[in-house]
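Bear in mind the structure is a predicted one, so any value in this text is a computation, not a measurement.
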Amino acid sequence: MSTSFTNDYTEAADALRDFYLRSHRALDKLMGTQGTTLARAKMLVHIGRNGPLRSTDLAEAFGFAPRTITEAVDGMERDGLVERIADTGDRRVKQISLTELGREVLCTSEPLKQRFGQRLFEALDQKETRQLALLLNKLNSRLAELEGEMSEAAAEAHGKRGRK
């Protein structure tokens, strides 16, 4: 419970979490009608814009572990959305690119995603949309600061353990 004496952020944090989860589920369901998911669509967009590329490029771009990317690409390859082709310069490396089906899925799912976003944000006027963006950017900046502090603290704690 919030009082005038406290800065209780839990209601806002809960609302932000609920919004993220509900919008993600709704968009995933909608995109499922086009043969993809939000996560797959993000990868397909990235591959379409920057491909062909290696799994390590995807891991770096999305900040995922290489194994996670391999599993995602395996699934997309199984579904015919991407293909792996041996790199001509280094046969150990596989280049990932969109298939014709992957391009089709992307062409049908991206406009769907755009319309969903437009319809969702119709609930806000332009001023409210700008204000929301400013507030979220402010929170993202603070989160980046906190992540930096946590990384420093973890490195320091690791250093102390290593000297014992």
Side-chain angles (χ1 to χ4, degrees), residues 16-17 19-121 129-130 132-164:
L16 189 57
R17 182 203 62 231
F19 174 79
Y20 170 78
L21 293 173
R22 280 187 91 175
S23 62
H24 195 279
R25 278 193 302 263
L27 192 51
D28 252 355
K29 188 175 186 177
L30 184 63
M31 294 184 86
T33 66
Q34 301 302 313
T36 191
T37 63
L38 183 56
R40 279 186 168 193
K42 286 179 182 180
M43 277 199 196
L44 292 173
V45 166
H46 189 77
I47 295 166
R49 287 186 183 150
N50 304 294
L53 31 92
R54 304 166 301 158
S55 290
T56 55
D57 299 326
L58 286 172
E60 187 176 305
F62 289 97
F64 293 139
R67 183 71 195 145
T68 302
I69 294 296
T70 298
E71 289 172 2
V73 172
D74 286 347
M76 290 190 297
E77 187 177 38
R78 215 175 15 258
D79 292 344
L81 302 173
V82 298
E83 62 185 346
R84 290 179 172 116
I85 301 170
D87 187 294
T88 55
D90 184 348
R91 291 185 340 200
R92 297 170 297 173
V93 174
K94 300 284 186 186
Q95 295 288 336
I96 303 162
S97 59
L98 297 180
T99 62
E100 186 58 37
L101 178 60
R103 283 187 282 282
E104 288 174 25
V105 165
L106 199 53
C107 285
T108 57
S109 65
E110 279 305 295
L112 199 62
K113 186 171 84 174
Q114 293 298 320
R115 279 194 304 277
F116 177 83
Q118 288 169 345
R119 291 190 64 209
L120 178 63
F121 278 88
T129 302
R130 281 192 302 273
L132 178 61
L134 287 170
L135 292 170
L136 291 173
N137 284 330
K138 190 173 184 177
L139 285 174
N140 276 321
S141 292
R142 180 62 179 147
L143 186 56
E145 291 171 8
L146 292 173
E147 287 173 329
E149 290 172 13
M150 291 185 310
S151 293
E152 290 172 14
E156 188 176 302
H158 182 71
K160 286 180 182 177
R161 280 193 304 263
R163 286 179 274 196
K164 288 184 178 182

Flag side-chain contact, heavy atom, 4.5 Å: Leu139 against Leu135: no
Side-chain heavy atoms of His46 within contact of Met43, under 4.5 Å: no
Heavy-atom neighbours of Arg119 CZ exceed 12 at 6.0 Å: no
Distance (rounded to the nearest 0.5 Å) between Thr68 OG1 and Phe62 CZ: 12.5 Å
Candidate pair Lys113 and Leu38, rule side chain to side chain contact (heavy atoms under 4.5 Å, CB included), full reasoning: CA-CA 9 Å; Lys113 186 171 84 174; Leu38 183 56; 3.9 Å; yes
Arg54 side chain near Asp57 side chain, heavy-atom distance below 4.5 Å: yes
Beyond-backbone contact of Leu120 with Leu27, side-chain heavy atoms, under 4.5 angstrom: no
Minimum-distance pair of heavy atoms, taken over all atoms of Ser109 and Thr36: CB-CG2, 3.8 Å
Crowding at CD, Glu104 (>12 non-hydrogen neighbours, <6.0 Å): yes
From CD1 (Ile47) to CZ (Arg49), nearest 0.5 Å: 12.5 Å
Pairwise distance OG(Ser97) to CG(Leu81) - rounded to 0.5 angstrom: 12.0 Å
Taking every non-hydrogen atom, the tightest pair across Glu83 and Thr99: N-CG2, 3.9 Å
Side chain proximity check, Leu112 to Arg115, heavy atoms < 4.5 angstrom: yes
Check: Arg40 side chain, Gly35 main-chain N or O, donor-acceptor pair, under 3.5 Å: no
Spacing of OG1 belonging to Thr37 relative to NE2 belonging to His24, to within rounding of 0.5 Å: 7.5 Å
Minimum heavy-atom distance Val82-Val73, with the two atoms named: CG2-O, 4.0 Å
Side chain to side chain contact (heavy atoms under 4.5 Å, CB included) assessment of Leu98 paired with Val105: CA-CA 10 Å; Leu98 297 180; Val105 165; over 6 Å; no
Closest contact, heavy atoms only, Arg91 versus Ala86: O-CB, 4.5 Å
Sub-4.5 Å side-chain heavy-atom contact between Thr56 and Pro66: no
Interatomic distance, Glu152 atom CD to Met150 atom CE [nearest 0.5 angstrom]: 11.0 Å
Non-hydrogen atoms of Gln95 and Asp87 that approach each other most closely: NE2-OD2, 2.7 Å
Between CZ on residue Arg67 and OG on residue Ser55, distance to nearest 0.5 Å: 10.5 Å
